[in-house]
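Since we're looking at a predicted model, the values are computed, not measured. Residue numbers count from 1 along this sequence.
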Amino acid sequence: MSHLDNIPSTPGKHKPDKAFRFHSSAASSSLSKLTLYSTLFLSVLLIFLLLLSSPSSPPSPRRHLSTGSHHTPLSLSHKLIRKSARPRSTTGHTVLVTGAAGFVGTHVSLALKRRGDGVLGLDNFNHYYDPTLKRARQKILEKAGVFIVEGDINDKGLLQQLFDAVLFTHVMHLAAQAGVRYAMQNPGSYVHSNIAGFVNLLEVSKSANPQPAIIWASSSSVYGLNSKVPFSEKDRTDQPASLYAATKKAGEEIAHTYNHIYGLSITGLRFFTVYDKGSVARDFTYIDDIVKGCLGALDTAKKSTGSGGKKRGPAQLRIFNLGNTSPVPVSRLVSILEKILKVKAKKKVVPLPRNGDVEFTHANITLAMTELGYKPTTDLEAGLKKFVRWYLSFYSGSKKKSSW
């Protein structure tokens, strides 16, 4: 309801007190003038108050898109969005990258942009870890010509506006609530982001015309309590050891459903990374190798077969392991860091806590090698040297900061 609805359409009539009666013509004349002046005064006053209380311009019914540190009107945002999403050539892809200010998201966005694809980022810049790191990545992406819309994948209205503004050929869905241990503190955030948010994105994607191909980040954690190694895409994944793993497994089942019903082309990538420290082993994978796998999945993704929410035929559905296929004990990781930093670590080895962590991860990457041309080339020591160089540069206050 407008604030004008509570104001009478016309001012009320002036009613003199009945106790006063005037009989002379002079009195009647004075009364008439008084009534006239009073009415005029009240009318002017009312108009003044209406002008004072009304907005200087009518409010826009359109949503404003947040661009990070400030809000930009939708008209301006649309120009930035279209410019960022425009590929250099007609053969380039137009990609929406969710979680674009995250670790993997930043590197994938930069790689896509460098080779000429159009890239639009989406990130909510939450506080799961230091947001200043995400803001630093945002600046680097902006310099590279990648615009990030600040928003949440659970905001269906925002997603719809982005899809209305840009015809995406692909969606690289990397936004998620990560981490195994944090799930014990804030379980709702995992359901909110990894399940509800994913469904939201798939809902908007399946209604698009044409539908984009979806590439999304699952996790090696779906293998859960499996004892058979190396982990293969054909192995069972019905024994998750953490809520995080369960939400990623749920995501894989949801992906199957939307592929089957709506014809969305969907590729899931099970990243193998490190989550803890102690006398356990991990299939550490360097970021550059992960990026190559993401781009390989995008380039080999077939088109979705649906249109406007209706399936026209069978669509591609894939899942791949992306790892280094060379598990290394965490104790070895510590030794390498000691060597690079030239310091001796103060070690405290404790039993593996019951918080969802698993003792061992090892990826069988045969399928990714065959279908994506995936071949990791960075060993742990070489990768750690690059990581340490970045870390010291970023946190030492150096003006020239990289985008790790």
Side-chain angles (χ1 to χ4, degrees), residues 65-68 77 80-81 84-85 93-113 117-126 128-129 131 134-135 137-138 141-142 146-179 189-208 211-219 244 247-248 250-252 254-255 258 264-271 287 290-291 293-295 297-298 301 304 403:
L65 297 182
S66 175
T67 64
S77 293
L80 297 172
I81 286 169
S84 180
H93 301 306
T94 301
V95 188
L96 173 65
V97 179
T98 69
F103 178 45
V104 178
T106 297
H107 285 269
V108 170
S109 296
L110 288 171
L112 289 169
K113 196 66 176 180
D117 291 329
V119 182
L120 179 66
L122 176 64
D123 204 291
N124 67 359
F125 293 88
N126 65 23
Y128 173 64
Y129 61 86
K134 298 178 184 179
R135 294 299 180 185
R137 294 173 183 150
Q138 181 187 22
L141 287 171
E142 287 176 349
V146 178
F147 179 75
I148 298 183
V149 175
E150 184 171 350
D152 197 293
I153 55 174
N154 280 283
D155 187 343
K156 190 174 182 179
L158 172 60
L159 288 177
Q160 189 60 62
Q161 285 192 83
L162 296 181
F163 275 73
D164 289 342
V166 178
L167 294 178
F168 296 109
T169 60
H170 298 78
V171 174
M172 181 69 69
H173 178 48
L174 302 174
Q177 177 59 64
S189 67
Y190 288 79
V191 176
H192 180 73
S193 296
N194 301 354
I195 297 179
F198 189 30
V199 170
N200 233 7
L201 182 64
L202 293 175
E203 275 291 302
V204 176
S205 297
K206 60 96 171 173
S207 299
Q211 295 174 337
I214 311 292
I215 298 89
W216 73 286
S218 184
S219 170
Y244 169 69
T247 61
K248 286 298 185 179
E252 292 186 358
I254 291 168
Y258 275 79
L264 280 172
S265 170
I266 305 178
T267 301
L269 303 175
R270 293 173 178 170
F271 296 157
I287 183 62
I290 289 292
V291 170
C294 289
L295 268 59
L298 185 144
S304 294
S403 61

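- Aromatic ring orientation, Y244 versus Y190: perpendicular (interplanar angle above 60°, classes split at 30° and 60°).
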Checklist entry - Checking side chain to side chain contact (heavy atoms under 4.5 Å, CB included) for the pair I266/L202: CA distance, chi angles, key distance, verdict? => result CA-CA 10 Å; I266 305 178; L202 293 175; 4.2 Å; yes
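- D152 is not listed as a side-chain neighbour of L158, based on a closest heavy-atom distance of 4.5 Å or more.
- Residues G251 and F198 share a closest heavy-atom pair of O-CE2, 3.3 Å.
- P212 has its side chain out of reach of L96: every pair of non-hydrogen atoms, C-beta onward, lies at least 4.5 Å apart.
- In terms of heavy-atom proximity, S109 sits nearest to L141 at CB-CD2, 3.8 Å.
- With D123 contributing its side chain and A101 its backbone, the two residues share a donor-acceptor pair below 3.5 Å.
- The two atoms that bring M172 and V108 nearest to each other are CG-CG1, 4.1 Å, heavy atoms only.
- In this structure, L269 CG and W216 CH2 are separated by 9.0 Å, a value rounded to the nearest 0.5 Å.
- Interatomic distance, F103 CZ to R137 CZ, rounded to the nearest 0.5 Å: 7.0 Å.
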Checklist entry - Do Q177 and T247 pass the side chain to side chain contact (heavy atoms under 4.5 Å, CB included) test, and can you show the C-alpha distance, the side-chain angles, and the key distance before you say yes or no? => result CA-CA 10 Å; Q177 177 59 64; T247 61; over 6 Å; no
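- Atom NZ of residue K156 and atom OG of residue S207 lie 6.5 Å apart, to the nearest 0.5 angstrom.
- Between the side chain of S219 and the backbone N or O of R270 there is no donor-acceptor pair closer than 3.5 Å.
- A distance of 12.0 Å separates OG of S205 from NE2 of H170, quoted to the nearest 0.5 Å.
- The shortest heavy-atom contact between T98 and A175 is OG1-N, 3.1 Å.
- In terms of heavy atoms, A176 sits closest to K248 at CB-NZ, 3.6 Å.
- The shortest distance between side-chain heavy atoms of V204 and L162 does not fall below 4.5 Å.
- In this structure the side chain of Y258 never reaches within 4.5 angstrom of the side chain of L201, judged on heavy atoms.
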Checklist entry - Do T94 and L167 pass the side chain to side chain contact (heavy atoms under 4.5 Å, CB included) test, and can you show the C-alpha distance, the side-chain angles, and the key distance before you say yes or no? => result CA-CA 7 Å; T94 301; L167 294 178; over 6 Å; no
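- Evaluation of the salt bridge (charged side-chain N to carboxylate O under 4.0 Å, His left out) rule for K206 yields E203 as partners, not counting sequence neighbours.
- In this structure, T169 contributes its side chain and H93 its backbone to no donor-acceptor pair below 3.5 Å.
- Between L174 and G105 the shortest heavy-atom distance is CD1-CA, 3.5 Å.
- V149 pairs in a side-chain contact (heavy atoms from CB on, under 4.5 Å) with only one of the listed residues (L159, N124, L122), which is L122.
- With V95 as the partner, the side-chain contact (heavy atoms from CB on, under 4.5 Å) test is satisfied by one option alone out of V166, L298, L120: L298.
- Separation of atoms CG (N126) and OG (S189) is listed at 8.5 Å; rounding is to 0.5 Å.
- Under the 4.5 Å side-chain criterion, counting only non-hydrogen atoms from C-beta, C294 is not in contact with I215.
- Note that OG of S193 and CG of N200 are 11.0 Å apart. Values are rounded to the nearest 0.5 Å.
- Although no hydrogens or angles enter the test, the distance criterion places no donor-acceptor pair under 3.5 Å between the side chain of S84 and the main chain of L80.
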